[in-house]
Amino acid sequence: MMPGSPHRKIVAVCSVLLAGAWTLGVPGAPAGSEPEHFTDVTRQAGITWQHANGATPEKYLIETMGGGGAFLDFNRDGRLDIFLVQSGCHKFSVDCVPARNALYRQNPDGTFTDVTEKAGVAVSPTYGQGVAVADYDNDGSPDIYVTGFPRNVLYHNNGDGTFTDVTQKAGVMAGGWSTSAAFFDYNRDGHLDLYVGRYLDWDYDKNAFCGERRPGYRAYCHPDQFKAVASRLYRNNGDGTFTDVSEASGIAQQKGKALGAVAFDFNRDGWPDLYVANDAVRNFLFKNNGDGTFTEMAMIAEVAYGFQGKPQSGMGADAADYDGDGLPDLFVTNIDYEPNNLYRNNGDDSFTDVTVPANLGSVALLYSGFGTRFVDFDNNGDLDMIVLNGHVLDNVHLFREGIAYAERPLLLENAGGRFQEVGARSGKVFEKPYVGRALALGDFDNDGDTDFLWVTNGARPVLVRNDIGSRNAWIGFELVGTASNRDAIGAVVTVTAGGRQQVREVVGGSSYCAAHDLRLLFGLGVTEKVEKAEIRWPNRSVTELENPAARRYHRVQERPPDKPTASPNVIIHLTQHLESDTFLP
């Protein structure tokens with residue numbers, strides 16, 4: 001997360017991308033003739049909340065790491081709502097104005113109404129950092145887990161527009177400094193378990209003076225100043241409570257400095273695994289042994305370090321099949337002077353670092369990446385990437401030439417497995433600098449393309465509407481588990497269209513301190529017909545859909561265990577409010 005030496009200079013920057021080498025949009029279109037492809041709609045949507053970090057002259061490290069954000073449909077009306085995590089004041093601050101979290105309910109006209117106070121989620125007993133969202137008790141309503149310091153908070157969704165703090169009862173307080181969290185069903189019992197990434201052995205009384213002793217040169221300390229800590233794994237007992245299985249599972253045997261986490265089945269053996277991006281120490285890949293335990297194998301799998309064989313500043317992480325071979329690959333963001341890492345899955349419990357061959361070796365060297373996700377932003381069938389950037393030192397310009405505190409986001413277009421940065425030509429929202437942290441993805445306007453929510457440290461969030469993706473064909477799926485967990489986290493969907501297969505997984509966690517729309521969206525390009533969709537549920541049952549209609553979301557409910565397999569396939573196509581369940585064998 002922090003630079004190794006504030007006075008270090010860039011030695012070399014290779015393969016600088018040439019502006020104009022690729023034009024987003026219609027081939028042959030004159031430069032500057034196209035409309036904005038992405039639009040900042042924050043103000044017109046009615047979102048006025050602002051993140052507060054309570055920054056003080058003492059330079060407490062925690063001030064620079066928030067905040068979190070999520071897309072979720074908390075009232076189940078078919079429209080995505082927004083939850084934003086507040087950091088706020090330090091417990092002893094006297095000049096800081098207390099701030100609050102925010103829950104925005106989306107209205108039918110696409111605007112949002114602040115319902116925070118009524119919902120009961122305004123004030124958390126924590127200096128907030130991130131958020132995870134899932135229906136942990138399978139009652140049909142998504143619940144909210146807020147991470148931070150010195151404890152975390154679990155809000156149970158009551159199903160009537162309100163939430164109840166059940167942290168104590170559920171037993172998931174954690175303690176210490178928590179960052180990203182991920183819900184996933186590691187033991188496949190139908191109940192979502194919870195991984196909580198913890199960052200550092202930090203407290204106010206461990207704060208130190210870093211930087212130089214002259215006005216303006218005091219700096220936030222490097223994470224090397226603090227000891228690594230063990231993260232937490234909570235097993236869902238199915239009765240509203242969790243059991244801490246961190247030690248028994250093997251998770252706590254590895255001490256790290258967790259910032260990003262993604263739960264996915266990297267080896268396609270049916271058991272969800274866990275990847276953790278650590279700051280300034282090696283990253284972790286926890287392989288699920290299928291017996292309640294995990295084996296840490298990042299070094300064996302070659303995803304522990306960057307291509308130079310050294311620990312990097314892992315901050316955000318995501319997993320998806322970018323190269324179309326059916327296997328999930330990994331992407332990890334790092335601080336400036338370190339490239340972001342792309343690891344291609346070899347299918348034999350190992351990965352290959354393809355950062356340089358994929359044209360990612362230099363594109364991010366002057367940026368510090370936090371939130372990130374694979375996303376087919378233009379619905380052409382290829383997974384692209386987005387990276388939200390922002391440095392951690394608010395006075396970094398004093399130490400590092402060419403580096404800024406606020407940085408513009410990167411939009412990386414996948415062109416045959418090589419990536420080109422096209423954000424600067426995709427709309428003004430990508431040209432502006434931000435102190436970016438959490439990045440959440442979701443189709444908030446239900447038009448069939450992926451929109452963005454990014455949370456900025458000490459400033460307003462940004463709601464970005466995608467105005468290009470729905471020009472191409474698409475198909476989406478909302479999955480509802482029955483024998484599996486209701487959110488179907490861990491499900492894998494394969495879509496066959498135009499003779500091509502695309503594979504997507506409902507992953508747990510991902511990005512940095514964020515939660516996302518759990519619907520799976522597939523871009524189809526010019527193909528308007530889908531031949532087949534196969535859903536492999538977390539409990540390993542399979543649903544097949546023949547010729548599902550394109551340009552629609554399909555709400556598919558897993559066949560209950562006692563339902564005969566000979567029942568006919570009935571597909572209900574819905575584009576806005578998803579009213580009916582579909583049971584398919």
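We count residues from 1, following the sequence as given.
- At a threshold of 4.5 Å between non-hydrogen side-chain atoms, the residues N157 and I144 do not count as touching.
- Residues G369 and T333 approach most closely at O-OG1, 3.1 Å, considering heavy atoms.
- Minimum interatomic distance between A438 and G69 (heavy atoms only, all atoms of both residues): CB-N, 3.7 Å.
- Residues forming a salt bridge (charged side-chain N to carboxylate O under 4.0 Å, His left out) with D135 (at least two apart in sequence, or on another chain): R486.
- Salt bridge annotation for R373-D318: present, with a cationic side-chain nitrogen under 4.0 angstrom from a carboxylate oxygen.
- For the residue pair N53/N457, the side-chain donor-acceptor check at 3.5 Å is satisfied.
- Shown here are the ring-ring contact (aromatic ring centres under 6.0 Å, His included) partners of F284, two or more places apart in sequence or in another chain: F286.
- Counting all heavy atoms, side chain and backbone alike, A132 lies closest to A181 at CB-O, 3.8 Å.
- With hydrogens and angles ignored, the 3.5 Å screen pairs a side-chain donor or acceptor of D376 with a backbone N or O of G381.
- Side chain of D81 to backbone of F74: a donor-acceptor contact under 3.5 angstrom is found.
- The closest side-chain heavy-atom distance from L412 to Q420 is not below 4.5 Å.
- For an aromatic pair to be called close, the ring centres must be under 6.0 Å apart, and F71 with H516 fails this.
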Check your understanding: Where do W537 and V492 land on the side-chain contact (heavy atoms from CB on, under 4.5 Å) test, with the steps shown first?
Key -> CA-CA 7 Å; W537 300 90; V492 177; over 6 Å; no

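- A donor-acceptor contact shorter than 3.5 Å links the side chain of N472 to the backbone of D378.
- A salt bridge between R465 and D467 is present, with a side-chain N of the basic residue lying under 4.0 Å from a carboxylate O of the acidic one.
- For Q557 and T482, the side-chain atoms include no donor-acceptor pair closer than 3.5 Å.
- Judged by distance alone, with hydrogens and angles left aside, the side-chain atoms of D443 form a donor-acceptor pair with the main-chain N or O of G448 at under 3.5 Å.
- Under a 3.5 Å cut-off, the side chain of D321 and the backbone N or O of P328 do not form any donor-acceptor pair.
- Ring orientation note: the planes of Y322 and F419 are tilted relative to one another, at an angle of 30° to 60°.
- We find the CZ-OG1 distance between R536 and T494 to be 8.0 Å, quoted to the nearest 0.5 Å.
- A 4.5 Å side-chain heavy-atom check between V429 and F452 finds every atom pair outside the cut-off.
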**Study point:** Worked verdict on K532 versus E546 for salt bridge (Lys or Arg N to Asp or Glu O under 4.0 Å)
**Key:** CA-CA 5 Å; K532 180 182 177 182; E546 299 293 335; 5.2 Å; no

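- Classified by interplanar angle (parallel below 30°, tilted 30° to 60°, perpendicular above 60°), the ring pair F38/F377 is tilted.
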Point to revise | Criterion side chain to side chain donor-acceptor pair (under 3.5 Å) on D143 and Y155, from CA distance to verdict | key: CA-CA 6 Å; D143 310 294; Y155 292 109; over 6 Å; no

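- A donor and an acceptor atom, one from each side chain of S87 and H51, are located under 3.5 Å apart.
- Of all heavy-atom pairs spanning A488 and L479, the tightest one is CB-CB, 3.6 Å.
- When the ring-ring contact (aromatic ring centres under 6.0 Å, His included) test is applied to Y434, the partners found at least two apart in sequence or on another chain are W454.
- Counting heavy atoms from C-beta outward, D273 and F184 have side chains that stay 4.5 Å or more apart.
- A donor-acceptor pair under 3.5 Å is absent between the side-chain atoms of N340 and the main chain of T372, judged by distance alone.
- At least one donor-acceptor pair closer than 3.5 Å links the side chain of N379 to the backbone N or O of G469.
- Side chains of N334 and N341: a donor on one and an acceptor on the other come within 3.5 Å.
- Under the rule for a ring-ring contact (aromatic ring centres under 6.0 Å, His included), F264 has no partner lying at least two apart in sequence or in another chain.
- Residues V503 and V493 form no side-chain contact, since every pair of their non-hydrogen atoms from C-beta on lies 4.5 Å or further apart.
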Practice item. Test side chain to side chain donor-acceptor pair (under 3.5 Å) on S484 and E558 and set out the steps. Key: CA-CA 8 Å; S484 304; E558 181 183 21; 3.1 Å; yes

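- For N446 against G78, the heavy-atom pair with the smallest separation is ND2-O, 2.9 Å.
- Using a 4.5 Å cut-off on side-chain heavy atoms (C-beta onward), W49 and I82 make no contact.
- Nearest approach of F351 to D329, heavy atoms of both residues: CE2-CA, 4.4 Å.
- Contact annotation: the side chain of L388 never approaches that of F370 to less than 4.5 Å [non-hydrogen atoms, C-beta and beyond].
- In this structure the side chain of T147 never reaches within 4.5 angstrom of the side chain of S180, judged on heavy atoms.
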Point to revise | Audit row: S313, E338, side chain to side chain donor-acceptor pair (under 3.5 Å) steps and yes/no | key: CA-CA 8 Å; S313 307; E338 297 176 354; 3.2 Å; yes

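- In this structure, CG in N485 is found 9.0 Å from CG in D193, a value given to the nearest 0.5 Å.
- Ion pairing between K428 and E36 holds under the 4.0 Å rule for side-chain N and carboxylate O.
- Using a cutoff of 4.0 Å between basic side-chain nitrogens and carboxylate oxygens, R408 and E431 are not scored as salt-bridged.
- Donor-acceptor pairing under 3.5 Å is lacking for the side chains of Q129 and T179.
- Residues satisfying the side chain to side chain donor-acceptor pair (under 3.5 Å) criterion with Y343, sequence neighbours excluded, are absent altogether.
- In R540, the CZ atom is crowded: over 12 heavy atoms of neighbouring residues, nucleotides or ligands sit closer than 6.0 Å.
- Within the model, atoms OG of S511 and CG of L441 stand 7.5 Å from one another, a figure rounded to the nearest 0.5 Å.
- Note that the OG1 atom of T456 and the NZ atom of K432 stand 12.0 Å from one another [nearest 0.5 Å].
- At least one donor-acceptor pair closer than 3.5 Å links the side chain of N345 to the backbone N or O of G347.
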Exercise for review: May I have the step-by-step check of side chain to side chain donor-acceptor pair (under 3.5 Å) for S368 and N389, ending in yes or no?
Suggested key: CA-CA 5 Å; S368 297; N389 297 305; over 6 Å; no

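- Formation of a donor-acceptor pair under 3.5 Å by the T355 side chain with backbone atoms of G361 is not found in this model.
- Side-chain contact annotation: S141 with D139, donor-acceptor N/O pair under 3.5 Å absent.
- Note on residues 494-507: pairs passing salt bridge (Lys or Arg N to Asp or Glu O under 4.0 Å), not counting sequence neighbours, are R268-E505, D382-R500.
- Side-chain N or O atoms of N466 include one that pairs as donor or acceptor with a backbone N or O of T450 at under 3.5 Å.
- Between atom OG of residue S426 and atom CD of residue E413 there is a gap of 9.0 Å, rounded to the nearest 0.5 Å.
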Review point. Step by step, would you call F266 with W271 a ring pair (Phe, Tyr, Trp, His ring centres under 6.0 Å)?
Key: CA-CA 9 Å; F266 85 89; W271 294 96; over 10 Å; no

